[in-house]
**Q** 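Got a structure for you, questions after.
Every chain is numbered from 1, with letters handed out A, B, ... down the list of sequences.
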Amino acid sequence: MSTKKLTVTAMLTAAALVIFVIEAQIPPVAPIPGIKLGLANVVTLFTIIVLGRREAFAVTALRIILGSVFTGNMMSFVYSAAGGALCFAAMAVLTLFMKENMTWCVSVIGAIFHNVGQLAAAVIVTGTIQILWYLPVLTISAVITGVFTGIAAQCLLKRGGGIIKKLISETK
Amino acid sequence: MDKKNKIAAAVIAAVVLICASIIFIKNTITSQNRIAVIYRGGKVIREINLNSLSEPLEFDLSYDGHTNRVRAEKGKIRMQSADCPDKICVNQGWIDSGAVPIVCLPHKITIEIKGGADKIDAAAGGM
């Protein structure tokens, strides 16, 4: 990994972390747990497309680990990690055959998988299968927030993607 | 919008529609004969017939040094208080249908409203 790539990855990790910590301060919009915007996923999507999967994995994993340390919510770590892992896996596969103009769709499916991962972790931890009744509600919420963050990522790719790609390829 | 994008949008719209139908059906089924079922670690620990409650019912669930206080009124149930740090279950407020259950993740307690036959003795509060 070149120094430039390493620096850009570190910078994106910092950006993801800041977004994550700020978003955690926003009070919940609905009385149903599990509904949130997931803006930090914009950075994961951007990194997958611009830098690659390995770098995006590092950014996401570090954001989840440091994020639960910074927000002081270690109990939610298991759920964040399960959701993040499944979301990342889904997006890493989808970006193989979906082009940049379908990033919104990658984001939506990633968001749905994030909820599936979190619910699966909750079912395993509590041993209560009834928690799966959250899935329809959370899926609808994931589609709404996923479209929003996906469009945000697409705008970011259009404006900043080329510059970053050029910056990295200069020192090969 | 190209063809692939249109197909993706249609599939996602269908998924939303299916989810909305599931919520609507579950909501309809469980809002007639409301029976609250409280689980801990997957086991049923208490059932309450909410529709036949004549006066509010409040009780504690204490396990491993942690306490959740449940309040049931006619047709609805909520987590009144909990000594967990996140208070997500308390903030969720009342539920009056089975659309979504109340879950206390740290204490592994779930409250679900089920529809179904009226077979639980209301006078006993359903123990």
**Q** Please tell me whether B:L17 and B:I12 are part of a single hydrophobic cluster in this structure, the criterion being side-chain heavy atoms less than 4.5 Å apart.
**A** no
**Q** Identify which of B:A9, B:P101, B:G93, B:A8 forms the greatest number of heavy-atom pairs closer than 4.5 Å to chain A.
**A**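 That would be B:P101.
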**Q** For B:A99, which atoms come within 4.5 Å of any heavy atom of chain A: side chain, backbone, both, or neither?
**A**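 Backbone only.
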**Q** Against chain A, label B:V15 side chain, backbone, both or neither, depending on which of its atoms sit under 4.5 Å from a heavy atom there.
**A** side chain
**Q** Is the shortest side-chain heavy-atom distance between A:L157 and A:I49 below 4.5 Å?
**A** yes
**Q** Once you measure the plane-to-plane angle for A:F88 and A:F57, does it fall in the parallel (<30°), tilted (30-60°) or perpendicular (>60°) bin?
**A**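 Ring orientation of A:F88 relative to A:F57: perpendicular.
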**Q** Do A:T95 and A:R53 come close enough that some side-chain heavy atom pair is under 4.5 Å?
**A**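 A side-chain contact under 4.5 Å exists here.
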**Q** For each of A:C105, A:P33, A:P136, tally heavy-atom pairs with chain B at distances under 4.5 Å, and name the one with the top tally.
**A** A:P136
**Q** So what's closer than 4.5 Å to chain B heavy atoms on A:V137: side chain, backbone, both or neither?
**A**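 Both backbone and side chain.
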**Q** Heavy-atom pairs under 4.5 Å with chain B - which of A:T139, A:N101, A:I129 has more of them than the others?
**A** A:N101
**Q** Can you tell which of B:I88, B:I23, B:V37, B:I22 has the highest number of heavy-atom pairs within less than 4.5 Å of chain A?
**A** B:I23
**Q** With a 4.5 angstrom heavy-atom cut-off, is it the side chain or the backbone of A:V125 that approaches chain B, or both, or neither?
**A**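 For A:V125, backbone and side chain are both near chain B.
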**Q** With chain B as the partner, which of A:W104, A:Y79, A:W133 has the greatest number of non-hydrogen pairs under 4.5 Å?
**A**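 Among the listed options, the one with the most contacts to chain B is A:W133.
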**Q** Should B:D64 and B:K108 count as an ion pair when the cut-off is N to O under 4.0 Å?
**A** no
**Q** Measuring heavy-atom distances to chain A, does B:N91 have an atom under 4.5 Å in its side chain, in its backbone, in both, or in neither?
**A** backbone
**Q** Could you check which of B:D2, B:V100, B:I109 has the highest count of heavy-atom pairs closer than 4.5 Å to chain A?
**A** B:V100
**Q** Side chains of A:T44 and A:M91: does their closest heavy-atom pair fall under 4.5 Å?
**A**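 Side-chain contact under 4.5 Å: yes.
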**Q** When you compare the side chain of B:Q80 with that of B:V90, does any pair of heavy atoms fall below 4.5 Å?
**A** no
**Q** Let's go through A:K165 and A:E100 carefully: what are the C-alpha distance in whole Å and the side-chain angles of both, what is the deciding distance for salt bridge (charged side-chain N to carboxylate O under 4.0 Å, His left out) to 0.1 Å, and is it a yes or a no?
**A** CA-CA 14 Å; A:K165 267 182 193 164; A:E100 254 185 62; 3.7 Å; yes
**Q** Of the backbone (N, CA, C, O) and the side chain (C-beta and beyond), which part of B:I102 lies under 4.5 Å from a heavy atom of chain A, both, or neither?
**A** backbone
**Q** Given A:V43, which of A:T47, A:N41, A:L39 fulfils the side chain to side chain contact (heavy atoms under 4.5 Å, CB included) condition?
**A**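 Single side chain to side chain contact (heavy atoms under 4.5 Å, CB included) partner of A:V43 among A:T47, A:N41, A:L39: A:T47.
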**Q** Transitively linked via ILVMFWY side-chain contacts under 4.5 Å: B:L61 with B:L57?
**A**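 Yes, B:L61 connects to B:L57 through the hydrophobic network.
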**Q** Is it the backbone or the side chain of B:Q92 that comes under 4.5 Å from a heavy atom of chain A, or both, or neither?
**A**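 Both parts, backbone and side chain.
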**Q** By a 4.5 Å heavy-atom criterion (distance strictly below it), what part of B:L105 contacts chain A: side chain, backbone, both, or neither?
**A**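 Contact with chain A is through both the backbone and side chain of B:L105.
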**Q** Counting only non-hydrogen atoms closer than 4.5 Å, does B:K26 touch chain A with its backbone (N, CA, C, O), its side chain (CB onward), both, or neither?
**A**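 Contact with chain A: side chain only.
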